[in-house]
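Beneath this line is the structure, given in structure tokens, with notes to follow.
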Amino acid sequence: MARAGLTAERVTVAGAELADEIGLDQVTMSRVARRLGVKDPSLYTHVRGLEDLRGRIALLAADEKTIRIAEATAGLSGKDALAAFANAWRAYAHAHPGRYTATQTPIRIDPALAADAPGPRRAVELTYGMLRGYGLAEPDLTDAVRLLRSTFHGFVALEAGGGFAHERSPQDSWLRALDALHILLEHWPTTGEGERS
């Protein structure tokens with residue numbers, strides 16, 4: 001019998017909290033069960049297993065991160081929107097490292113759960129909407145999205161791993177990177193797809 005009050009949402013939040021504390025790869029069903037004060041089998045009434053739990057954590061995190069980005073960028077455009085977007089992304093990665101990792105890790109997610117999750121879909125809408133403000137259209141939009149994701153994720157991953165052990169502040173480098181991205185997006189090389197080599 002499932003413990004009263006235990007839900008898939010509670011199990012997911014407990015897993016997400018653990019992921020932030022000890023790292024996503026250290027989260028196990030047993031650790032989540034201990035955190036909730038239940039026996040391991042009780043969890044399987046609500047989640048199918050560790051992969052399902054990780055998928056749920058990824059969807060939760062995508063939703064949380066997207067809400068932060070949407071709030072930060074509301075009413076902004078151009079460089080202001082880019083900076084707000086990037087800063088919200090980085091702040092979420094700092095505040096929730098385990099959850100953030102789940103959003104950047106290939107995880108098999110139940111298609112029914114993914115279809116009902118607003119976070120990933122809204123993230124795409126926000127990113128493409130911001131970039132359309134720079135006058136970009138496909139295929140340049142997709143290329144620019146990949147550039148931003150690579151830059152933001154690369155920076156926060158290196159920062160989290162202590163990769164910026166230099167006297168210059170990572171914050172100074174972050175601000176310069178955002179300046180450079182803004183200039184690049186304003187002067188994006190828009191060539192026809194067939195002309196690219």
Side-chain angles (χ1 to χ4, degrees), residues 5-36 38 43-44 46-74 76 81-131 142 144-163 170 174 178:
L6 198 60
T7 64
E9 291 74 23
R10 280 194 64 207
V11 173
T12 302
V13 169
E17 290 170 349
L18 268 176
D20 287 340
E21 293 167 15
I22 63 175
L24 182 67
D25 60 338
Q26 297 300 310
V27 173
T28 65
M29 296 298 281
S30 292
R31 283 179 166 156
V32 174
R34 282 196 300 274
R35 185 179 194 94
L36 291 168
V38 299
L43 299 183
Y44 292 91
H46 306 285
V47 297
R48 290 192 308 273
L50 186 57
E51 188 74 7
D52 183 39
L53 176 59
R54 287 181 174 173
R56 290 170 184 271
I57 292 170
L59 292 175
L60 170 69
D63 195 40
E64 292 174 341
K65 182 163 71 91
T66 300
I67 289 168
R68 287 192 182 194
I69 290 171
E71 290 172 350
T73 59
L76 302 178
L82 173 65
F85 187 108
N87 289 331
W89 177 305
R90 184 177 175 217
Y92 187 83
H94 286 177
H96 300 289
R99 298 177 209 212
Y100 175 76
T101 297
T103 68
Q104 302 299 313
T105 303
I107 297 172
R108 203 172 312 128
I109 298 175
D110 180 336
L113 283 177
D116 290 338
R121 189 171 44 256
R122 183 73 176 122
V124 171
E125 292 168 0
L126 284 168
T127 309
Y128 278 71
M130 178 192 64
L131 288 172
T142 295
V145 167
R146 290 174 178 169
L147 172 65
L148 292 185
R149 183 177 177 199
S150 299
T151 303
F152 300 161
H153 176 63
F155 195 99
V156 298
L158 286 167
E159 190 174 29
W174 175 255
L178 297 183

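Side chains included, hydrogens not; waters and symmetry mates left out as well; all remaining heavy atoms used.
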Nearest 0.5 angstrom please: Gln26 CD to Leu24 CG, how far?
9.5 Å
Distance-only check: which donor-acceptor pairs under 3.5 Å involve side-chain atoms of residues 105-126, not counting sequence neighbours?
residue : atom : partner : partner atom : Å
Thr105  : OG1  : Thr101  : O            : 2.6
Asp110  : OD1  : Ala112  : N            : 2.8
Asp110  : OD2  : Arg48   : NH1          : 3.1

Ala102 versus Ala58, closest heavy-atom pair with distance
O-CB, 3.5 Å
Identify the two heavy atoms, one from Ile69 and one from Trp89, that lie closest to each other, and give their separation to 0.1 Å.
CG1-N, 4.2 Å
Once salt bridge (charged side-chain N to carboxylate O under 4.0 Å, His left out) is applied, do any residues pair with Glu21, and if so which ones, sequence neighbours excluded?
Arg35
When Leu148, Thr73, Leu76 are each screened for side chain to side chain contact (heavy atoms under 4.5 Å, CB included) with Met130, the one that passes is Leu148
Close side-chain approach of Leu59 to Thr12, heavy-atom, < 4.5 Å:
no
So which atom in Ala144 and which in Leu131 form the shortest heavy-atom distance, rounded to 0.1 Å?
CB-CD1, 3.8 Å
Would you say the side chain of Leu53 lies within less than 4.5 Å of the side chain of Leu43, judging by non-hydrogen atoms?
no
Between side-chain atoms of residues 149-160 and protein atoms elsewhere (two or more places apart, or another chain), which donor-acceptor pairs fall under 3.5 Å?
residue : atom : partner : partner atom : Å
Arg149  : NE   : Gln104  : OE1          : 3.3
Arg149  : NH2  : Gln104  : OE1          : 3.2
Ser150  : OG   : Arg146  : O            : 2.7
Thr151  : OG1  : Leu147  : O            : 2.8
His153  : ND1  : Tyr100  : OH           : 2.7
Glu159  : OE1  : Arg90   : NE           : 3.1
Glu159  : OE1  : His94   : NE2          : 2.9
Glu159  : OE2  : Arg90   : NH2          : 2.7

Got a donor-acceptor contact below 3.5 angstrom from the Thr7 side chain to the Arg10 backbone?
yes
Going by heavy atoms in the side chains, are His96 and Arg68 under 4.5 Å from each other?
yes
Any chance you could lay out the side-chain contact (heavy atoms from CB on, under 4.5 Å) test for Ile22 and Arg31, step after step, and finish with the verdict?
CA-CA 11 Å; Ile22 63 175; Arg31 283 179 166 156; 3.8 Å; yes
Could you tell me which non-hydrogen atom of Val47 sits nearest to which non-hydrogen atom of Met29, and how far apart they are?
CG2-CE, 3.5 Å
Which value, rounded to the nearest 0.5 Å, describes the distance between Tyr44 atom OH and Asp52 atom CG?
10.5 Å
Nearest heavy atoms of Leu60 and Arg99, plus distance in Å:
CD2-NH1, 4.0 Å
What closest approach, in Å, do Ile57 and Ala16 show between heavy atoms, and which atom pair accounts for it?
CD1-N, 3.7 Å
